[in-house]
Amino acid sequence: MSQLPAFLTHQNGELHLEGVALSRLAREHGTPLFVYSRAAMLASLAAYQRGLAGRDHLICYAMKANSSLAILQTLVRAGCGLDIVSAGELERALAAGVQPDRIIFSGVGKTRAEMRRAIEVGIGCFNVESRAELDVLDEVARSLGRRAPVSIRVNPNVDAKTHPYISTGLKGNKFGIAHEEVIATYRHAAGCAGLQVVGIDCHIGSQITQAGPYLDAMDRVLDLVTAIEAAGVPIPHIDFGGGLGIDYNGDTPPAADDLWAQLLARLDARGFGQRRIMIEPGRSLVGNAGVCLTEVLYLKPGEQKNFLIVDAAMNDLPRPAMYQAFHRIEPVVPRSGDGMTWDVVGPVCESGDWIGRDRALNVQSGDLLAVLSAGAYCMSMASNYNTRGRAAEVLVDGDQVRLIRQRESVADQLRMEVPLA
Ligand SMILES: *Cc1c(COP(=O)(O)O)cnc(C)c1O
């Protein structure tokens, strides 16, 4: 049995996150409920900060992993900038109090309106993903009498060895500019009156559990930097993206500080040790800081399968349905004995609505389960499918508990709709 994530412990026969019993939180706030540990987030961030200590760097949390305001505030106050992918995320980022010049804007489909707003507030960098986007950004910036800071996302064509849906650094996907076109694109950008080249970036995928793909990508990016600068365009910063994996089910990704020790050794060896470094970690800062609490509604043993029907569903925890992802599921108050093997499923009317398959659990109706590693790409991907309100969220800090998002009501959902007369 692999270890529980940090700050999740059994005390007096029940699961606690930091100093707080999860059963108490379920009683007070209902289920499904997301619970996050402030200490766990800060410990994950500290590993990156240790790894990059003494270097000119900026850690921009990729907020699509979990964009709840209190989470953003926690990481921004601890020193993070933010990586955004939409105008909505830009407004959330500003609401969280981040300095605009510590925001970088990623994504393949930025609209003119999004570019305009981001230029007006003074973000630090646009990570541009195509020649067409570069030209539109130039035009928008000139219309505002400004120069937009840009970095070009290059596609280093390395295999991140992860799930195809979250692999982004190979030729066959929509991200970045192909290696062969990079130098010409930089030359073009350098000649645009509305653009200021400030860097280069790559992001090769997500849930990466080995250092190898990062080292390969770094080599390719450094080759490009050398060639671009030889062509007369200086590259002030290098952004290596995010993507470091977490332990969902015995996965063994390198620790962020160990990974960066290796990467910095490579940078130093190649003479780039003084260059400003940017990174965009998402999952690895928040994924294992959160759990989702759910109550067992019904036991439905069957001839072929035994189903455990719980009150959380694919609208709360979309990763299993989307990527066949694995989340550990633990009883909040374990019973003795082995129990049976269950498929843990939600109430949504889809066979894809499962949370875990073939799990040995000894539970009864009314018991609480904790779905682990639920801090990243769960709440931020939650939906209202089946007119289910999105879950509430609480943040734990030692023995303190703060409600950071109220449970969404049906009235909240109906508010935007316009019924026929
Ligand atoms: C999603 C994303 C990230 C963060 O990825 P993680 O796997 O959560 O670390 C960073 N940069 C870009 C461009 C992304 O799209």
Side-chain angles (χ1 to χ4, degrees), residues 41 44-45 47-48 51 58-68 71-72 75 80-86 88-90 93 102-110 114 118 123-130 133 150-156 158 160-170 173-177 199-211 213-214 217 221 237-248 251 253-256 259-260 263 277-290 318-319 322-323 325 373-381:
M41 286 188 268
S44 302
L45 175 60
Y48 281 102
L58 181 61
I59 301 168
C60 290
Y61 166 55
M63 62 181 278
K64 72 178 192 283
N66 186 324
S67 55
S68 297
I71 305 287
L72 301 182
L75 291 168
C80 285
L82 296 174
D83 176 38
I84 66 168
V85 291
S86 70
E89 287 196 349
L90 175 57
R102 293 163 75 84
I103 296 175
I104 54 186
F105 196 163
S106 299
V108 293
K110 304 174 194 81
E114 288 178 318
I123 69 160
C125 187
F126 288 86
N127 287 356
V128 170
E129 302 220 15
S130 65
E133 183 195 341
V150 296
S151 159
I152 289 170
R153 176 166 174 183
V154 300
N155 187 335
V158 301
K161 301 200 166 55
T162 182
H163 189 284
Y165 283 11
I166 50 177
S167 178
T168 56
L170 277 169
N173 63 51
K174 69 179 179 183
F175 298 102
I177 288 181
I200 190 169
D201 69 284
C202 72
H203 171 72
I204 57 173
S206 201
Q207 186 55 18
I208 300 167
T209 54
Q210 300 166 30
Y214 281 105
V221 170
H237 79 236
I238 308 178
D239 177 344
F240 291 103
L244 181 59
I246 61 171
D247 177 7
Y248 283 105
D251 307 292
L259 174 66
W260 273 96
L263 290 169
I277 299 165
M278 316 269 280
I279 57 169
E280 307 164 354
R283 185 190 315 272
S284 54
L285 292 181
V286 294
N288 264 332
R319 298 185 62 259
M322 276 185 77
Y323 322 108
S373 311
Y377 302 108
C378 293
M379 191 62 187
S380 60
M381 287 182 146

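Order of listing sets the numbers, starting from 1, for every ligand and every atom in it.
Geometrically, K110 does not engage F126 in a cation-pi contact defined by less than 6.0 Å to the ring centre and at most 45° from the axis.
Annotation: side chain of F240 is not in contact with side chain of L263 (no heavy-atom distance under 4.5 Å). Considering only heavy atoms from C-beta on, I71 comes within 4.5 Å of M41 through its side chain.
Residue-level contacts of ligand 1 at the 4.0 Å heavy-atom threshold are A62, K64, D83, S106, R153, H203, S206, G242, G243, E280, P281, G282, R283, Y377.
A donor atom on one side chain and an acceptor atom on the other are not found under 3.5 Å apart for S206 and Y377.
Interatomic distance, Q207 CD to Y248 OH, rounded to the nearest 0.5 Å: 5.5 Å. The distance from the CD atom of E280 to the CG atom of L285 is 12.0 Å, given to the nearest 0.5 Å.
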